[in-house]
Each structure stands twice: as C-alpha cells, then as structure tokens.
Amino acid sequence: MDLSYSPEYEAFRQDVRKFIETNRESAPRGEAMKSDRVQSWQKLLIEKGYTARTIPQEYGGHGGEPDIIKARIIGEEFARSQTPGGLGGQGISMLVPTLLELGTEEQKKRFIPPTLAGEMVWCQGYSEPNAGSDLASLRTSAILEGDEWIVNGSKIWTSTAHLADWIFCLVRTEPEAPKHQGISFLLFQMDTTGIEIRPLVDMTMARNFNEVFFSDVRVPKDQIVGKRGEGWFVANAILGHERDSLGDPNATLTRLNRLIELARQETMDGQRLIDNPVFRDRMMKIQARAMSLRFNDQRVLSSRINNTDSRLARMISKLQGTELRHDLEGLAIDIMGEIGLMYGRSDYLTDNGSWQQQYMYFLGLIIGGGTSQIQKNIISERGLGMPKEPKFEQKAEA
Amino acid sequence: MDLSYSPEYEAFRQDVRKFIETNRESAPRGEAMKSDRVQSWQKLLIEKGYTARTIPQEYGGHGGEPDIIKARIIGEEFARSQTPGGLGGQGISMLVPTLLELGTEEQKKRFIPPTLAGEMVWCQGYSEPNAGSDLASLRTSAILEGDEWIVNGSKIWTSTAHLADWIFCLVRTEPEAPKHQGISFLLFQMDTTGIEIRPLVDMTMARNFNEVFFSDVRVPKDQIVGKRGEGWFVANAILGHERDSLGDPNATLTRLNRLIELARQETMDGQRLIDNPVFRDRMMKIQARAMSLRFNDQRVLSSRINNTDSRLARMISKLQGTELRHDLEGLAIDIMGEIGLMYGRSDYLTDNGSWQQQYMYFLGLIIGGGTSQIQKNIISERGLGMPKEPKFEQKAEA
Amino acid sequence: MEFGLSEQQTALQDNVNRFLQEKAPLERVRQYSEEQQERADDIWDGLVELGLPALLIPERHGGIELGALDAAAVCECLGRHVTPSPFLSTAVLAPTAILLAGSEEQQNQYLPEIAAGNTTFGAALSEATGARRDAGVVATNSKLNGKALFVIDIYSDNYLVADTNNRLHIVPSDANGLTINTLPQIDRTRPIGEIIFNNTPVDALVAEDRGSALRSVIDIGRIMIAADTLGASQEMLDQSVQYAMERRQFNRVIASFQAVKHMCAEMAAEIEPSRALLWYAAHTIDEDPEESHLNACHAKAHLSEVGSFVGKTATIVHGGMGFTDLLGLHYWFKRIGYNRQILGGPESIREEAARAQGL
Amino acid sequence: MEFGLSEQQTALQDNVNRFLQEKAPLERVRQYSEEQQERADDIWDGLVELGLPALLIPERHGGIELGALDAAAVCECLGRHVTPSPFLSTAVLAPTAILLAGSEEQQNQYLPEIAAGNTTFGAALSEATGARRDAGVVATNSKLNGKALFVIDIYSDNYLVADTNNRLHIVPSDANGLTINTLPQIDRTRPIGEIIFNNTPVDALVAEDRGSALRSVIDIGRIMIAADTLGASQEMLDQSVQYAMERRQFNRVIASFQAVKHMCAEMAAEIEPSRALLWYAAHTIDEDPEESHLNACHAKAHLSEVGSFVGKTATIVHGGMGFTDLLGLHYWFKRIGYNRQILGGPESIREEAARAQGL
C-alpha cells in the first residue's frame, strides 16, 4: 500500500494548484453553454492540458500522453477548489472517444475540434420508451433513400436535446437482422426538419430530460459512424464509461459532512438531533459504507495504474454508490422531520430543498444507466462467472 | 371488526379450561413417544374432542363437526396453560388427512386408528439430496416385481426416521412419464430389510434429521395410496398445510417478551441494555412486525370462518414469520454481545443457549418448507397473478 | 368473530373509491397540484355528500356515529387516490378533540356544522409530536401567542391548536392576530402551513384530564395517516404489477423476470400484515382504549417503513417511467413521504412505543 | 501510488493459503472442533515455520518487522480457512502491547520468544470494550484481582490483561492465584474462557500514556478480526457460486436463476468495498495513526454487518445443504458470528466512531 505520489506528480499537483489560483477569476460562473467565457476557459484548459489531455492536437486536443494519475490530480484539484473544470456533456465524454476509436478521418476532423471547443453541443439518442434495459430492441428506423437516411421514431431521456446542435443516435437500419446486428449509429443536426422536442418532467419536478420525436428526418448518407448494422458495437465501445460516474463516493462524503452539520443545527423539542443515538447509528453506518466506496474507487484507480485486476470492485460502484446516496438523503429527511418535507419557497426550506431533490434524483439514478437489477445481472455474470438466463427470445423469434 | 366469540364459544372455552385444570396432572411430562402416559392422554383428548376432533369415530377419531373456532380455542387454551395437546407428528398432521381424502377404505381402517392412538409412528420420505425446491425431480425408484415394489434410492430431512414404525414415501414408478406424472405414494415399514438410517447433523449440532437409504426394499403392491403415477397429486393434496405452522407469530411475541426481560437483566459497563436506544429501536421494529403477523393470522382465521378471501395474507406468513424470528434471535445475540456466543455448558449460558440455537434453526426454516425464493415465486404467481418463468425444461427434455 | 372490515365498511370503501375514481382521478389531482389550488371544493363537496365529515360524530349532533375503523377505511381510499381534502382534520381530529375535551356547548356549536359539511378544520399539532425550530404556542388568558408549524389542512375555516401545555383550542381562520403562511412541500396534495399567533383570542377546549385528549387526538390521527399510507402503498403495488404485466423487454413481459416478481412479492409481503396491524389499531380506539396508544404508535411507525420500501421498490419496477411525471407515480411516492414525517417520524414514535409499555 | 496489497503481501497470502489448504483443510478443523481439542499444535507449528508470529516484531528483537496490513492479510487467510490458532493474541495483540507499553527489558524478555514461536499469548481485553456481568480486573501493588471474561485464545502460555484502569499486564498461565475456565461457544475454532485472578502477581507494562496503548491494541485487534470476517465472507461467497454452478433444480443449474444470481451479486457488492476499507484501516495503523481509530471502528463494525449478511445469504443459496453439517458451511457462519461480538459489537463500536470524530 503506497498512497503517496512520486515527486514528479507532486510537482504536477503544485502546477495545477498554481494555475487555479492565478486563473480562477476567469472561470465561468454559471454562464450559458456557448458563452465566450465558457469557451475561452475551455480553450485555456486545453492549452494547459487540463482537459482533452490525450486528444491529438490535430483534433483540437492537448495531445498529451495518457496518464491516469495526472488525470486524477487534475480532477481532485479542480474539485477541491470548486473551480469549473473542462467541459463535459455527452458530446465530449461519449461521442469524442467513440469517433476517435471508430470515426473516419473526415468525421474526426469535422466533429471533434468544435465539440472540444464548446462550439458544437451534442445530445445522445439511445433509449426509447420501449427500449430501456433492453436497449437493443430499439425501433427508431432509418431507411436509406438515395443519399439520405429517412429517420422515424422517438427517443427518451435525451438530456440536453433542447440545447444541442447535433445528436448521435442509434437507429434500426436492418429490420430483418438479429436485434443487435440491425442498428446503425447516425449523427445529425437538431434543427433538421421533422424533429420535435418535448420536455420530460421528472418526479423532482425538474425538466432535465426530453422526449425527441422524428418524422421523416433526412440525414446525409455519410453521417454514419462505423458500418451499417454495426451501431450497437460502436455505441458499446465506450458505454461502460458512463456508469462509473454515478454515485461518486467523494460527493457522498461531502454530502455526509453537510448532513452532520444539519443534525448539529436542527433540534426537536430543543434537543440537538446529532445527539439522537438512533440517527447517530444510521449516520455511522452510512459513513462506513461511503468510506468503503471511496477506498474502493482508489483501489480501482490503483489497479488501472498498475494493470492489476479489479473487475468486481469496478462493477459494484454504480449499484452501491447510488443506493447509498439515496439512503443518505433519506436519512437527512428523517432527521429534519417535517422540515424535510419543505420543497419550494419557504423560510424553512433547508439547503434549497436539495435533500428532497437528491433523494428522488438518486432513486432515478438507481434506475438510470442500468437499473440495479441489470447491475446485479452484470455482476453475477461478468464478475462471478454465473450463467446468463437461458434465452427465450430466440425461441420466440424463431 | 368483532373480536368477541359468541356465548356458545365462550362456554366451550370454559369447558376446555375446566378440563385442563382437572386433568393436567395426567398430561405427559416429556415421556417417550409410545409411553402409556402419552397414549392414555391422547385417548382422553380424543374422547373429549380436543384432538382428532373431526375424524370419524370409525377411524379412531372423535367424530365431531368441523369448527374452526373451537379448534382455535382448543389450541389457545392448551398453549396458554402450557399443557401438551394432542399428538402431532407427520403421521397425524399429514398422512391421516391424505388417507382420509384419497386412501382406500381398507387403508383408512388399517392405518388411521393406530396412528391417532400414538401406536403407529410415521416419518415422511419426500425430499432427496437432489430434489429440494424441485421436489418433483425425485429419483428414488420403485419397480413392480410380481406383488412387490422394489424400492431403491435415498431420502433426506426425514425428521423422525429413527423413531418411526412406518414411512410414507414418494417414489418414481414411471420413469418414462413427465416428471410430475411418474411418481407414486407408498407406505412401508421402517424395519423392512434394506433400509439404512443415518443421522444428519445440522448447523445447530443437533441430530433432528436423518438421511434414509433404500436398497432393494420390498413393499407389498397394495401399500400405495392413490393410483400409480398419481403420487405427486396425492402428496400435494395436503402439502400446503405444513407451511402455515412455521414462524408462528404468537411464539415470536412470547419470545420477544423474553428478549425484553433479557435486555432488562443484561448490562454492559453497568448500563442496562434495555436503555440502549439503538437496541430499543430494533426491538420496537420487531415488535411491530410481530404484532402485524399475529393480527394477520387472526385475519386469515377470520376469513376462513367467514369464507372471505385472504389468499395473500396467508401466503406471506411463512416468509415473513421465519425471517422475523431469525432477526429477533439475532437481536438477542447482539444485545448479549459475547454472552450471546455461549453454546454449551458454562455459567454464562443464557436460556440454555436457545438464542443461538434458534437463530440458526430459523435460518433453517427460512430455507425449509419452501425457501424464501420459492415463497416469493408463489406469492408473485399465485398471489399477484404474475406469470411463471418460461419453462426451459421441456425444451431440454425434448 | 370477524377480524377485518365488515360488509358495511367494505361498501363504504366501494362508495368512496367509486366517487374518487370518477370525480377525482389523477388528472384532477394533477390539476390541483400543478395549479397549486388551495381547496378542491368539488372533491370535498362530493365527500360531504357521501356523509364523510359526519362519520365520527354522534347521532345526537347530527352525525352517523361510526368508529375509527370506518374513518381509517376512508383514509385508505384517500391514500389510494392521492386525494386532496381536509378530511383528516375536519372529520377526524377536530371531532375527536371536541368530543373528548369540548363542553356541551362547544359540542353543540361545532359538531353539527362539521357533520353537515358547513365548515372545515385544520390542525396545529406538530409541536406536540416534536417541536422544530423552537416553534410553540403559549396560551394565557384565552389568548394565544407563538408559532405553530406544519399545520395540517391549512386552507380551512377553523384550526384545532395544541398549546405547549398540551391543551387544545379552536381558532377561526379569520380571528384577530392570526398570520397564516403556506409552506410549500413535496406532497402537493396536502397543503400545510405555519400560523403565527399574536394575542389571538381562542375558544379553549376544557378537557377533564389535561393532555389525555391531545394524546387521543394524536393517536387517532396517526392511525389515519397510516391508513393513508396503506392505501397509497397498495395502489403502488397494484400499478407495479399491472405495469410489469404490460411492459416488455427482452421479448418478455418484465413480470416474468424473477427479480421483478420478487420485488412485487416483497411489497405484498410487507403490505399484507401491516393491513391487519392497522385494522387492529383502529379497532382499539373504540373497543380497547388501553391498547390504542401502543397500537397507534406501531401502526404509524411500521407503515412509514413499509411505505418507504414500497415507494422505492414500486418506482424501480416502473424503471425510467417511474421517475417521470408521465404516469404520475410520484404522487403516491410523495404522499407516503409526507405521511412518514407528519405527526412524528418513525424513530421518535418507536421510542414513544417503548415508553408506552414501560421500557 | 498503489492502493492494495503489494506483490510481497500477495505472496505472503499465497504461502499461508497453500499451507492451510494442505495441512489444515476443513477435515482437520472439524477434528479439532469435534474433539474439542485445546491447541492445534500441528497448525501452529506450520504458521511459526512461515514466520508469522514474527511479523510485527522489529528486527532487533528477532522479528521481520512488517506492518498491520501484512498481519491483516494473514488474518484474511485464517478466516478463509476457519483456522484454529492463537495468531491474533500471540502475533498481533501481545507484540503491539509490549512494543507500545513495555519497557526495554520487557521487550527483550518477550518479543524474541514470540518471534521464535516459543511462547503463545491469550488476551483478556473484553472488559475494555464493554464489561458484561460486572466482570473486571483490578490491579493493586502488582497483584491482580477480579475476573476477566471471554479471554481470547485461552489455551496459551501467557495472557495479556487489561485492568479497569486501562493498564496492561502480562501474566503467565501458571502464575499463582489463577483459575482458568473454558467457555464453550458457538465458534468451536476459537477457544475462549474466563480467568479469575486472586492476588495474582503480574508483570505490568508501563505505558507512557495510560490507556493509549490499550486503545491501539484494541484498534489493531479489531482490524484483524474484520480481516478474518472478510476472508470468511469471501470464502462463503466463493462456495456459494461454486455450489450454485453445480446444483441443478428444475433442469437448470440454480446459478442460472435470477434470484440466486442476485443473492450472489449482492454478496459481492457488499464484500468488495469492505475489502478496500479494511486495507485502508490496516494501512493507517502504521502510516496514519491519527486516522486509525476511526477506521478501525468502521472496519470492525461494517465488516460485522457485511459478514452477517453474507453468512445468512450464502447459507440460503446452499439451501438445505447449507443448514447441515455435511458441507461444513456453518464453520464460516459461526466464525463470522464470533467476530461480530468479540472486542465490541457493531452498535457500540459505531457509537465509539461517532465520538471519535467529536459527534
């Protein structure tokens, strides 16, 4: 066990800190996606190699060598100083790696630089109302007519649809093929005729997601990544990355500290709730779990650096992280009692109602990005080597 | 809601009480199964109609009309006064009702009277090492040779095998038939040549169960209940009854009272453990669940009396009752701390080590009589109308 | 011997359910919530027409003199349909308080009006089950001063108010020195608020035994809230089973997956026995008062836990759809969430239960 | 940066596991348990040969001067193989106490003997983590009086004893005025007992800071017990997966049923992160002592809960076979049960954890 970083990395950490101290005044403060401030901050970070580190310069990246530790240090320092890091979003986190791996040279040159620069914003069109856990059963169709795909169908959970310039989208192009082999991966503009966006209200009452409907949307033939019918494999080349970020234990620990503060402040019948032994016990249970997950993450990072196996440790993190966070938020509500019901403008609203909001939001995350049930299937099959359920579908389709 | 009994029943209750007061001196005090005292007590109870109430007199029963409330009153009064009631055991509780429903007249006359009288003791041969949850896949075979069945194979979980005179046993007589249709229900004596009994030690270190091995055991042809190949249906005619009795909530509540006493007596660092708020909270959670299950039982009884539906309420009682009891015993161990580890002769052993013993025994009951997983299948399928899992076996067997 | 709802009680539920299904379906509840309406008079008028406010009121005061189990049966329906209505305070808490602690004159004044559906009540009892933020109402010389938080059914004509001495009072909503603020909360079907009292003149209910009337009001209130959770939980389970039978993934209805089946079975296994607990607790109010406090505590605390489990599990069975507003499943989730915290959270109620039996 | 066991530590585990697999398989453990043997000298001799008692002892005293994480790695192996051995008291608790609180002379006297495997220790610390039945040992004028309960590794040559003043002492098992009784318990792989002291002369360890040496001894002890539970839990999961892959019901291996798969997945999901917690807690003992108390508390309490869950779930996966003695699965179940209670149960340790951070 060696939790220290080498002097080279410690020096790197100091560089990052110095950069942040010197430049944090220029960082965005909640400006809109494509504002000048956002874009020039992004430009500066790419220049320094604090975002898009390993993406070649010819595609608008920094062109550095992959280095997991440096990436972690950057993440830690920006988080610690509460400074906005490089742009995220599904274009940068999902489409760019996909194009790097499977795009044509022309696609890379056309799409990656403006995406990295924050000039081209993307949304993701994967899930459909009838294709959730069973994503591969998606039905949005694209039929080739001459030089164009004609897209019809609908997508759901499209989080930035109303802000996006482009969409990367899974569509069924070979209806006769087995379900995983009939899908293609298309890119098209969101202002194309025939696209309708409807906001999707969720249980927190926010409108973070959308439904997107396509009627005879025309997409140029060459805006396909990979070959016809290979879209499932294109999408899966990077799909695993998404799950890791849900239920981050560092955020959970920060949140737990806030909860402890809350329990120190709130009282019932004049007694501080931090002194209630039943709540203390629940808090400590959660703290132990949160610490476990944080160390588990460190173990996963370490095994990536040292090329050792930590498959199971990685697989459990979404399942456990989201469940734990949901429990933590629920504990806060129980501690606050009726105060924990407040939701909307009132003098008694605590932390902007974030406890209620997060309690529900993390229930959503237990479901989203692969429900807990799907996660357990994956853990048992890929982690423990247990067999898949016998397939019925082939029988049914036969 | 009317929890009172009519005057007729209140009078009946007084009769039972009076009987117990007058006669309890004659009740057995832990004598062996076939002792005179046991048998004469049983005879007296049958005479009074306090056991074998509804079984016709010609078969050695009391010959009374079915009356659920009287049956309940009898049960309550014997339990309350801690007086041994009528004989139980698998012969009386399972075989007798089966014979009454499906036995020939000759079988009824031959087997029921001595069984009721406590002169003929039975064990049950259903489960096999490879046929547990999937009981119908049992392989013990019986081949008809002339006037005899030749039985080969083995049984497990045979609880009174070493004390029993006879066994009622499921055997495969039609190996070519679909699995549920190839089973027959045989009766034979345990002293038949070719039977070997091996005690089965369980995790509590008790020898309550046995394995029974059959090599060329010869059974007269007519000792079959029902027709050849109908044994599965013979057994299932009454199988449902067994599950109800596992995890009885009244026993759980009695046990909880004992636990509360324990927490009043035991201390840690001089502090009474009943005053520990975390344990109090766990106790109260368990109490609420135990009370729920007791009232649930009353509801089931009531719906049987009044012919209303309480299917779901009945189905959940084994699942919830055994899990709850396991939790309760575990709480007692946690309250006692290291004292709760004691198991065997020591000055610190509390309640004869029953907390540890029951903690494990009820884990066994979570598994036995249909595991919790099987229970949940049943609840979802028969209780909630959800579909069975598609069958693979037919495919595999085809 | 009959453990459970009588035929009459089942018929009562059928009537209430039928009315709510027709006149207060989810769309109506949505409209009420989204427009942040104060009173849903159409719904309340219908409930009045069914005689519900008269349920617990003696015949001599124009009521129909039924019992707590009947009222609980109604609350189960209200939970099942996430119904906005001042039933709890108006038909249960206020009549119970007035009958136990009111003078003959007060009974004559209020009960017939409640029974006839001419007036509604809110209830300011939260401080008696655990005061937050140092709220509390002090009574001196028939005047109230102080602050009551989380007043139930805030948009009402009168309020039942507990003071810091465990005495009960009645205050009309138009009394002098009364400031009423709505407190927006997660469950938009149940409007709550704060009331600030500034030398507000009140009508004190003179109980024989100080505190015991308040205790009884809280006990019956907790049972009603537990019944509401029971109804909401049952509805969430029913919707889950139905959704699972329709939703197809991997070429099967998801109801055929063992994981989904077991989640539904676990919900049923939690709900069924808690129904019996609730019935019994309600039964004790009228038939076995010595048992009622402990049973009311357990019913409220236990159904809070059952409700939280069902709320989470049912949402998960619905997958992404459960998280959206499309099916409206969250109305039940939030209803259960409100019920958990109001009139005492499960932890503090369990401690009360322990004390109630001398532990 | 390396979070986890080093190659050297993995090799250490491989060695210990290989030895235990060969020389102390379940049949040997069964024999030890069923015959109620006192010491399993064959096993201990093998562990001594592997150098294990010398693990934490400085080189200057003939040890190999490794750290708490190495010792935890060994305890994981002992739990995995339900090994009877006085490793915990002899190789961890006593050397830690002697190093922290012993004089130079005492270190010279005991440590080389321990390192060489010439002597064994038991540990009487239970009263320091929560005294039961008013037990307690009082030290006056280098004499001990009173009673110590649940002494770990009771069949040993010496005992490490904590008195009611949080001071530590060493007593040889043949000292005057010592009555030693075995206390038969559920986990027959770990003999415990009571010691009654009657003016027993002892060798007091003179710590600089009264109580802090004892605190450290308990912290490291808790981590070792947690490691033992981790090893036992992992073994129960591995056996469950293996059994489920072999056992057929309904014409399928039961490992293909979603309910069985999910039980195994849930066990893995509990075990994996607790492994990282345990590693980190052990790491803090040597590298970050300010963090070690809190982390030791959490490791012990959390692994107790993980262990209970795994013990129950793995038994259920094994069905009836899990309940019998045939496969011996209960040896691990009981090992985990013992670990849960010894040196503090999870509830009281969580309260300690809260206090440790000023809550």
Side-chain angles (χ1 to χ4, degrees), chain B residues 1-6 9 68-69 72 249 260 263-264 274-275 277 280-285 287-289 291-303 305-306 308 310 312-317 319-321 323 372-373 375-381 383-390, chain C residues 1-6 9-10 67 69 237-238 240-241 244-245 252-253 255-258 260-283 286-288 294-295 297-299 301-303 305-306 346-347 349-355 357 359:
Chain B
M1 195 98 154
D2 173 9
L3 302 187
S4 64
Y5 292 103
S6 70
Y9 287 117
I68 300 165
I69 300 179
R72 168 65 70 115
I260 288 171
R264 282 201 160 110
I274 190 82
D275 296 328
R280 288 163 77 84
D281 193 64
R282 282 175 66 186
M283 258 181 242
M284 288 302 100
K285 276 184 178 165
Q287 189 176 50
R289 299 187 87 87
M291 285 166 61
S292 302
L293 289 172
R294 187 179 64 179
F295 299 138
N296 190 65
D297 261 18
Q298 288 195 26
R299 177 185 171 202
V300 170
L301 172 71
S302 163
S303 76
I305 296 171
N306 302 303
T308 57
S310 63
L312 259 173
R314 198 170 60 74
M315 280 179 199
I316 58 88
S317 79
L319 172 68
Q320 296 292 75
E323 295 273 358
S372 288
Q373 285 57 54
Q375 299 297 326
K376 289 177 193 172
N377 285 351
I378 292 173
I379 293 167
S380 59
E381 290 163 15
L384 301 173
M386 299 174 87
K388 285 189 174 252
E389 275 199 283
Chain C
M1 218 302 262
E2 182 175 39
F3 189 103
L5 300 186
S6 65
Q9 284 159 337
T10 308
L69 184 55
L237 169 58
D238 292 349
S240 296
V241 172
M245 302 282 276
R252 302 156 60 172
V253 292
S256 71
F257 284 100
Q258 210 180 17
V260 173
K261 288 163 70 175
H262 284 198
M263 284 194 285
C264 292
E266 286 162 12
M267 287 191 269
E270 291 293 316
I271 291 171
E272 278 312 311
S274 67
R275 183 187 308 282
L277 176 66
L278 179 87
W279 285 344
Y280 186 77
H283 170 77
D286 298 309
E287 305 297 333
D288 195 357
L294 178 63
N295 279 280
C297 285
H298 277 324
H302 183 60
L303 268 149
E305 306 290 9
V306 171
E347 279 82 7
I349 294 185
R350 279 193 292 269
E351 179 55 30
E352 262 188 81
R355 290 201 190 143
Q357 49 198 312
L359 301 186

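Below, chain A is the first sequence line, B the second, and so on; all start at residue 1. What you see is a predicted model; the values in this text were computed from it and never measured.
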Inset, instruction - Counting only heavy atoms closer than 4.5 Å, note whether Arg280(B) contacts chain C via side chain, backbone, both or neither. - result: side chain

Inset, instruction - Enter the distance from Ser310(B):OG to Arg275(C):CZ here, rounded to the nearest 0.5 Å. - result: 11.5 Å

Legend entry - Asn296(B) versus Pro273(C), closest heavy-atom pair with distance: OD1-CA, 3.8 Å

Legend entry - Distance-minimising heavy-atom pair for Phe3(C) and Gln298(B): CD1-OE1, 3.4 Å

Legend entry - For Gly385(B) against Met245(C), the heavy-atom pair lying closest together: O-CE, 3.2 Å

Inset, instruction - Please state whether the side chain, the backbone, both or neither of Val306(C) comes within less than 4.5 Å of a heavy atom of chain B. - result: neither

Legend entry - Atom pair OG/NE2 of Ser380(B) and His262(C) - distance to nearest 0.5 Å: 5.5 Å

Legend entry - Part of Leu293(B) lying under 4.5 Å from any heavy atom of chain C: both

Inset, instruction - Salt-bridge test for Glu270(C) and Arg289(B): reply yes if a basic N is under 4.0 Å from a carboxylate O, no otherwise. - result: yes

Legend entry - Atom group of Gln320(B) that falls short of 4.5 Å from chain C, counting heavy atoms: side chain

Inset, instruction - Please name the pair of heavy atoms, one in Val241(C) and one in Met386(B), separated by the smallest distance, quoted to 0.1 Å. - result: CG1-CG, 4.1 Å

Inset, instruction - Just give me the residue among Ile69(B), Asn377(B), Thr308(B) that pairs up with chain C most often, heavy atom to heavy atom, under 4.5 Å. - result: Asn377(B)

Legend entry - Leu278(C), part contacting chain B, at a heavy-atom distance under 4.5 Å: neither

Legend entry - Option that, when pairs with chain B are counted at under 4.5 Å, heavy atom only, ranks first among Gly67(C), Ser6(C), Ala255(C): Ala255(C)

Inset, instruction - List the steps and the verdict of side-chain contact (heavy atoms from CB on, under 4.5 Å) for Leu3(B) and His283(C). - result: CA-CA 9 Å; Leu3(B) 302 187; His283(C) 170 77; 3.5 Å; yes

Legend entry - Heavy-atom side-chain proximity of Gln287(B) to Gln357(C) below 4.5 angstrom: yes

Legend entry - Closest non-hydrogen atom pair, Ala288(B) against Leu277(C): O-CD2, 4.2 Å

Legend entry - Residue selection (most heavy-atom pairs with chain C, distance under 4.5 Å) from Leu301(B), Ile260(B), Ile316(B), Val300(B): Ile316(B)

Legend entry - Ala244(C) versus chain B, the contacting section by heavy-atom distance below 4.5 Å: side chain

Inset, instruction - Would you mind telling me which of Arg294(B), Lys285(B), Met283(B) has the largest number of heavy-atom pairs within less than 4.5 Å of chain C? - result: Lys285(B)

Legend entry - Glu389(B) and Lys261(C) ion-paired at < 4.0 Å: no

Legend entry - Closest heavy-atom pair and its distance - His298(C), Met284(B): CE1-O, 3.5 Å

Legend entry - Contact winner vs chain B - Glu305(C), His302(C), Glu2(C), Met263(C), heavy-atom pairs under 4.5 Å: Glu2(C)

Inset, instruction - Kindly compute the distance separating SG (Cys264(C)) from CD (Glu381(B)), expressed to the nearest 0.5 Å. - result: 12.0 Å

Inset, instruction - Could you look at Leu312(B) and say if it's the side chain, the backbone, both or neither that has a heavy atom under 4.5 Å from chain C? - result: both

Inset, instruction - May I ask you to name which of Ile274(B), Ile379(B), Asp281(B) has the most heavy-atom pairs under 4.5 Å with chain C? - result: Asp281(B)

Legend entry - Glu272(C)/Arg299(B) under side-chain contact (heavy atoms from CB on, under 4.5 Å): CA gap, chis, key distance, verdict: CA-CA 10 Å; Glu272(C) 278 312 311; Arg299(B) 177 185 171 202; 2.6 Å; yes

Inset, instruction - Could you tell me which portion of Asp275(B) (side chain, backbone, both or neither) has an atom closer than 4.5 angstrom to a non-hydrogen atom of chain C? - result: neither

Inset, instruction - Check each atom of Leu69(C) against the heavy atoms of chain B and say whether the ones under 4.5 Å are side chain, backbone, both or neither. - result: side chain

Inset, instruction - Tell me, for Asn306(B) versus chain C, whether the close heavy atoms (under 4.5 Å) come from the side chain, the backbone, both or neither. - result: side chain

Legend entry - Under 4.5 Å from a heavy atom of chain B, the part of Ala268(C) involved: both

Legend entry - Contacting moiety of Arg264(B), where chain C heavy atoms sit under 4.5 Å: side chain

